[in-house]
2 protein chains.
Amino acid sequence: MKEQKPKHGTDAISTVILKTTEALADRYGIDKVSMHQIAQTAGVGQGTIYRRYANKGALCMELMDEKFRLLQEHAAQIVGQPGTVHEKLKAVLSEQIHFLESHVSYIEAIHDAATCEGKKQTFYESRPYRFLHQVLRDLLNEAITAKTAKPMNTDFTAHTWIASINPKVYLYLRKKKRYSEKEIVSFFTQSFIDPLFL
Amino acid sequence: MKEQKPKHGTDAISTVILKTTEALADRYGIDKVSMHQIAQTAGVGQGTIYRRYANKGALCMELMDEKFRLLQEHAAQIVGQPGTVHEKLKAVLSEQIHFLESHVSYIEAIHDAATCEGKKQTFYESRPYRFLHQVLRDLLNEAITAKTAKPMNTDFTAHTWIASINPKVYLYLRKKKRYSEKEIVSFFTQSFIDPLFL
DNA sequence: TTGACATGCGGACAATTGTCCGATATTATT
DNA sequence: AATAATATCGGACAATTGTCCGCATGTCAA
């Protein structure tokens, strides 16, 4: 068993798999599209898909690649621009929540496939997750160094912040509790960010 | 006219399903036991299981019923005893994290089956979840009323607190990051509870 | 050209969750 | 007691994810 040699599947077959998945997902919703259906529609065997993507989550991750890249750019831009750490944290979290709002079906699929057992690549070790976690952690560290926030385990805090707005609970808050995206951003700021700053 | 069953699973068949599931889970781990296997071992059809429990998560929820009851008792006891709201919140969260530590496999199975789509009973609407959410919310409200914490949306805060220590991220923090249960409790307190109190 | 070896595709197959319906047992009616 | 109505059981079946292996195709050496 070999891994895909280049970072992205840029060969013709990978391309048709991704395009087909995107088309089907646009039409039916990613959660309603099966790997079998993707294989049939793309005119390839299922094995051909699974040789490139470990599971449906990994396939979705690949589909989201460009979107994640843009989110990372936004986050990096926020961090790079002038402003207080407090403001930057709020802006980054707002971006992340908006990202979740925009792509919640895909992110849910990625989460569903995520595992912490075995030595398989976990969601938490994927590039996008690590990047966003690191942005939050660095900002928190900066706040602590500047003595505008009390010491804490910033690694833990960043992980749990992200976990606190996972797709399942986000959908619950949006659909059942009828909170708007704006409200959720505001509540998060109020409950998690503001209290940290002295 | 049949007399009503007071609660779930008090008839003979439900009992054998639950006992069988427990025995198999003890032996192989709940995630390694299939519904088919449970049915075979218990000597009933799969339909008989699904007629009583909507899915594997609901079955696990039923198995955890007594455990949840004890957790609720502990939480109620903490709230009832004298002490500051701050102390009570820390104690309750510590209990919840210990509960997660002790039963993480079952809780993961419950989470995996949870859904926010459709009108099916979601995990967030189950009795145990609602109880624990309410305990946290009430304590937070008490702190706000007593002016020892700033106003916030306590409903949101309680939901996201629970979400922040979901089984997936908990396992990641324990197994990959090698944080101990005690550390996680301490970090949580430091990052989420303490900053609220001034 | 040919044969040995490697690559990797396709789809059959296994495992699992969840549904459905014919068969059976139980209760109600006369 | 006989029969109709109702409840419930068992397991076959469908749908989906993920694995595996036979086979076709391509490469290279002699």
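Below, chains carry the letters A, B, ... as their sequence lines are ordered, and counting in each starts from 1.
Separation of atoms NZ (A:K176) and CG (A:L171) is listed at 10.5 Å; rounding is to 0.5 Å.
Taking 4.0 angstrom as the limit, B:R51 places none of its side-chain polar atoms (N or O) nearer than this to OP1 or OP2 of C:dC21.
Of the possible polar contacts, one joining the B:T84 side chain to the B:E87 backbone as a donor-acceptor pair under 3.5 Å is found. A donor-acceptor pair is defined here as one N or O able to donate and one able to accept, closer than 3.5 Å; no such pair exists between the side chain of A:K88 and the backbone of A:G80.
Across the protein-nucleic acid pair, B:I49 atom CD1 and C:dT19 atom P stand 13 Å apart, rounded to whole Å. The nearest whole Å value for the distance from the OH atom in B:Y53 to the P atom in C:dT19 is 16 Å. Rounded to an integer number of Å, the gap from B:D11 CG to D:dT8 P is 10 Å. The CD atom of A:Q40 sits 16 Å away from the C1' atom of D:dG18 (whole-angstrom rounding). Between the CD1 atom of A:I13 and the P atom of D:dT25 there is a distance of 14 Å, rounded to whole Å. Summarising the geometry, the separation between CD on B:Q37 and P on C:dG18 is reported as 15 Å, rounded to the nearest angstrom. One interatomic measurement links the two molecules: CG of A:D112 to P of D:dG18, which rounds to 11 Å at whole-angstrom precision.
The side chain to side chain donor-acceptor pair (under 3.5 Å) search around B:Y129 returns B:H159, not counting sequence neighbours. The salt bridge (Lys or Arg N to Asp or Glu O under 4.0 Å) test applied to A:K67 returns no partner, not counting sequence neighbours. Residues meeting the side chain to side chain donor-acceptor pair (under 3.5 Å) test with B:E95, sequence neighbours left out: B:H74. Residues that satisfy the side chain to side chain donor-acceptor pair (under 3.5 Å) test with A:E101, not counting sequence neighbours, are A:Y170, A:R174.
Within 4.0 Å of A:G43, counting heavy atoms only, lie sugar-phosphate atoms of the nucleic acid but no base atom.
Checked options B:T20, B:T21, B:D26, B:I38; the residue passing with B:V33 is B:I38 (criterion: side-chain contact (heavy atoms from CB on, under 4.5 Å)).
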Next on the checklist: Could you go through B:R52 and B:D11, starting from their C-alpha distance and side-chain angles, then the distance that decides it, and tell me whether this counts as side chain to side chain contact (heavy atoms under 4.5 Å, CB included)?
Outcome noted: CA-CA 11 Å; B:R52 288 169 168 72; B:D11 59 300; 2.8 Å; yes
Under 3.5 Å, which protein N or O atoms sit close to an N or O of nucleotides 15-17 of chain D? Give each pair with its distance.
| residue | atom | partner | partner atom | Å |
| --- | --- | --- | --- | --- |
| D:dT17 | OP1 | A:K56 | NZ | 3.4 |
| D:dT17 | OP2 | A:M35 | N | 2.8 |

Which pairs, protein N/O on one side and nucleotides 22-25 of chain C N/O on the other, fall under 3.5 Å?
none

